[in-house]
*Asks:* 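This is the structure, below, for whatever I ask next.
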There are 2 protein chains.
Amino acid sequence: MNANEPLPGAEAPAIAKLMERGELFAAECPSRAVLQHVTSRWGVLVLVALLAGTHRFSDLRRKIGGVSEKMLAQTLQWLEGDGFVLRTQYPVVPPHVEYSLTPMGVEVARQVEGLADWIEGNLGRILSGRRERADALAVAPLPGVRAGVRTPA
Amino acid sequence: MNANEPLPGAEAPAIAKLMERGELFAAECPSRAVLQHVTSRWGVLVLVALLAGTHRFSDLRRKIGGVSEKMLAQTLQWLEGDGFVLRTQYPVVPPHVEYSLTPMGVEVARQVEGLADWIEGNLGRILSGRRERADALAVAPLPGVRAGVRTPA
DNA sequence: CAGGATCCTAAACGATACTG
DNA sequence: CAGTATCGTTTAGGATCCTG
């Protein structure tokens, strides 16, 4: 990665010590901001939605249940600022604006989609697992099995 | 109205697949809660950290720069509740607790890792692209097709 | 239609202190 | 050591009104 030159003031004292994976574990790592945008509540959904093609503002708003105008606009601005989303505005009235993924945006969106798909595809396992653990707790509230003492496998 | 026009480079996705993930777009979809835990500010880092092996509470706290005790504890509880993290407590004094990924946790963690790695690996492109766009705006504030008069976050 | 501006609430977050 | 409890601060997020 040839990306470790910018950010004035970003010292690298103990940073190098943080394993090969690196910088993400450092508090001041610039990757974290990007990660926040991409993994934000609406960022994930916007990226996945745009993977299906260009959308207008209202289209996105209708498609992504529960998002407010403000948060959708803000999320789109974050993603545009990171270079993941392209905003194309046509000088007509009433205003016509289209949002699409940049080539780079397609790449992140695919990663995000992988995560989203995994969760949706495994929701059954997750929910049933949660239920089983709850039952085990109700039946045996003793400090024996569940969250209680357990010897390593 | 080309809202669903396929993206260049993105093959027309299988219709069935769109239906599969349809739930995420619904406001009340239970997947969203899980997604929130996994993509939360510290959830991402915890999962990636645990992918490297079992950690004690303090180990995680030291490794993940900037996390507070409170948020680390809460994040671990979320992930444990979802069945991604296994908490093993040894009945000794002083207390000894170990956190590790469950088999299911390893699967999500890999997805999350893919995203995290992509961002770290492409941070250079992201930052330089951001700078180029800022320069272009300063030099040529033309209100062409590509507009964007705004202050960056 | 696409947002910006404004105001507000709920939640996230962090620092500190305390306990088994 | 591994938390919980509490408190104060910050931010996310939402509702509403307004304009080009």
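What you see is a predicted model, and the numbers here were worked out from it, not measured in a lab. Chain naming here is simple, since letters A, B, ... match the order of the sequence lines and numbering starts at 1 in each. The basis for the numbers below is simple: all heavy atoms, side chains too, and nothing from hydrogens, waters or symmetry mates.
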*Asks:* Name all residues meeting the salt bridge (Lys or Arg N to Asp or Glu O under 4.0 Å) criterion together with B/Arg110; count only those two or more places apart in sequence or in a different chain, and write none if there are none.
*Replies:* none
*Asks:* Look at the side chain of B/Arg56 and decide which nucleotide, out of D/dC1, C/dC1, C/dG3, has an atom nearest to it.
*Replies:* D/dC1
*Asks:* Atom CG of B/Leu76 to atom P of D/dC1: distance rounded to whole Å?
*Replies:* 16 Å
*Asks:* Taking the side chain from B/Arg125 and the backbone from A/Gly83, do they hold a donor-acceptor pair closer than 3.5 Å?
*Replies:* no
*Asks:* Taking CG from A/Leu45 and C1' from D/dA12, how many angstroms apart are they, rounded to a whole number?
*Replies:* 15 Å
*Asks:* What string of B, S and - do you get for nucleotides 13-19 of chain D, 5' to 3', if B is base contact, S is sugar-phosphate-only contact and - is no contact with any protein heavy atom under 4.0 Å?
*Replies:* BBB----
*Asks:* Rounded to whole Å, how long is the line connecting atom CD of B/Glu98 with atom P of D/dG3?
*Replies:* 12 Å
*Asks:* Can you list the residues that meet the salt bridge (Lys or Arg N to Asp or Glu O under 4.0 Å) rule with B/Arg56, with sequence neighbours excluded?
*Replies:* none
*Asks:* Nearest whole angstrom, please: distance from the P of D/dG3 to the CG of B/Asp59.
*Replies:* 12 Å
*Asks:* In residues 67-76 of chain A, what donor-acceptor pairs under 3.5 Å come from side-chain atoms, sequence neighbours left out?
*Replies:*
residue : atom : partner : partner atom : Å
A/Ser68 : OG   : A/Met71 : N            : 3.2
A/Thr75 : OG1  : A/Met71 : O            : 2.7

*Asks:* Check whether any side-chain N or O of A/Gln77 sits under 4.0 Å from OP1 or OP2 of C/dG4, and answer yes or no.
*Replies:* yes
*Asks:* What is the distance, to the nearest angstrom, from the CZ atom on A/Phe57 to the P atom on C/dG3?
*Replies:* 6 Å
*Asks:* Atom CG of A/Leu60 to atom P of C/dA2: distance rounded to whole Å?
*Replies:* 9 Å
*Asks:* Of the nucleotides D/dA2, C/dC1, C/dA2, which one has an atom closest to the side chain of A/Tyr99?
*Replies:* C/dA2
*Asks:* To the nearest angstrom, how far is B/Leu72 atom CG from D/dA2 atom P?
*Replies:* 10 Å
*Asks:* Could you pull out all residues at least two apart from B/Thr102 that satisfy side chain to side chain contact (heavy atoms under 4.5 Å, CB included)?
*Replies:* B/Leu86, B/Met104
*Asks:* So if I take the C1' atoms of five pairs at each end of the helix from C/dC1-D/dG20 to C/dG20-D/dC1 and get each local axis, what angle do the two axes make, rounded to 10 degrees?
*Replies:* 50°
*Asks:* By side chain to side chain donor-acceptor pair (under 3.5 Å), which residues pair with B/Trp78, not counting sequence neighbours?
*Replies:* none
*Asks:* Which is true for B/Pro94 with a 4.0 Å heavy-atom rule: it touches a base, it touches only sugar-phosphate, or it touches nothing?
*Replies:* sugar-phosphate
*Asks:* In whole angstroms, how far is the P atom of D/dT4 from the CZ atom of B/Arg61?
*Replies:* 14 Å
*Asks:* Does B/Glu132 have any salt bridge (Lys or Arg N to Asp or Glu O under 4.0 Å) partners at least two apart in sequence or in another chain, and if so, which?
*Replies:* none
*Asks:* Quick one: which residue pairs count as a side chain to side chain donor-acceptor pair (under 3.5 Å) with a foot in residues 26-52 of chain B, not counting sequence neighbours?
*Replies:* B/His37-B/Asp82
*Asks:* Is a donor on one side and an acceptor on the other found under 3.5 Å between the side chain of A/His96 and the backbone of A/Pro94?
*Replies:* no
